[in-house]
Amino acid sequence: MKKLVCALSLLLLLTACARREESGNLILTNYAPEAISNITVEYGGETLSSEAAISDTQLCSFTLPEEDGLTYTVSFETAEGETVRESFTDSFAGETAVYLRADRAEGFWQLEYDQAS
């Protein structure tokens, strides 16, 4: 039981979803009223994930290594069971943060850079 509690505590430290504060250098905001969940970030053989559902301007943040030209793939699941996936390459050196947005327009989910941040 103690191991489970420790594992859950570590998971919460690595990801901060559904809270309004930004605690990482990769921040994904869901602008759709429909929830998304199982948010995953894959890079260089590593995987960060959160099962928490977010919707209606809630965000999920991850801390990626400070690296120039890091290629990573972000994915999430919709309530309909669809998996949305997109790859990006960005610099996370220094204090740089990258903002992404999930949104639904004309019935289709989009995952792209968030220009509003």
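On a predicted model such as this, the values are computed, not experimentally measured, just so you know.
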[Y] side chain reached by [X] side chain, heavy atoms, under 4.5 Å:
| X | Y | value |
| --- | --- | --- |
| Thr83 | Phe76 | no |
| Glu112 | Arg101 | yes |
| Ile27 | Phe62 | no |
| Tyr113 | Tyr99 | no |
| Thr63 | Leu26 | no |
| Val41 | Leu28 | no |
| Asn30 | Asp56 | no |

Applying ring pair (Phe, Tyr, Trp, His ring centres under 6.0 Å), can you list everything that pairs with Tyr43, at least two apart in sequence or on another chain?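 Residues passing ring pair (Phe, Tyr, Trp, His ring centres under 6.0 Å) with Tyr43: none at all.
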Carefully, step by step, assess Thr57 and Tyr31 under the rule side chain to side chain contact (heavy atoms under 4.5 Å, CB included). CA-CA 5 Å; Thr57 68; Tyr31 288 94; 4.0 Å; yes
Can you see which heavy atom on [X] is nearest to which on [Y], and at what distance?
| X | Y | value |
| --- | --- | --- |
| Trp109 | Ala32 | CH2-CB, 3.6 Å |
| Ala52 | Ile39 | O-CD1, 4.4 Å |
| Ser50 | Cys60 | CB-SG, 4.1 Å |
| Pro33 | Ser55 | O-CB, 3.5 Å |

Please identify each residue that fulfils side chain to side chain contact (heavy atoms under 4.5 Å, CB included) with Asn38, with sequence neighbours left out.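 Asn38 satisfies side chain to side chain contact (heavy atoms under 4.5 Å, CB included) with Glu51, Glu77 only.
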For Thr89, what residues pass the side chain to side chain contact (heavy atoms under 4.5 Å, CB included) criterion, not counting sequence neighbours? Thr71
Might you work through the side chain to side chain contact (heavy atoms under 4.5 Å, CB included) test for Val98 and Phe92, ending with a clear yes or no? CA-CA 8 Å; Val98 174; Phe92 292 94; 3.6 Å; yes
Side-chain donor-acceptor pair present, Thr96, Ser91, cut-off under 3.5 Å: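 Not at all, the side chains of Thr96 and Ser91 share no donor-acceptor pair under 3.5 Å.
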Salt bridge (Lys or Arg N to Asp or Glu O under 4.0 Å) partners for [X], two or more places apart:
| X | result |
| --- | --- |
| Asp68 | none |
| Glu80 | Arg104 |
| Glu42 | Arg85 |

Out of Thr29, Val74, Asp114, which residue meets the side chain to side chain contact (heavy atoms under 4.5 Å, CB included) rule with Leu100? Val74
Under the criterion side chain to side chain contact (heavy atoms under 4.5 Å, CB included), I'd like the reasoning laid out for Asp90 against Leu70: C-alpha separation, chi angles, the key distance, then a yes or no. CA-CA 5 Å; Asp90 289 297; Leu70 180 66; over 6 Å; no
Please list, chain by chain and in numerical order, all residues satisfying side chain to side chain donor-acceptor pair (under 3.5 Å) with Asn25, sequence neighbours excluded.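 Listed in chain order: nothing, the list is empty.
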Sequence neighbours excluded, which residues qualify as side chain to side chain donor-acceptor pair (under 3.5 Å) partners of Thr73?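 Only Ser87 meet the side chain to side chain donor-acceptor pair (under 3.5 Å) criterion with Thr73.
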Quick one: CG on Leu59 to CD1 on Ile54, what's the gap to the nearest 0.5 Å? 7.0 Å
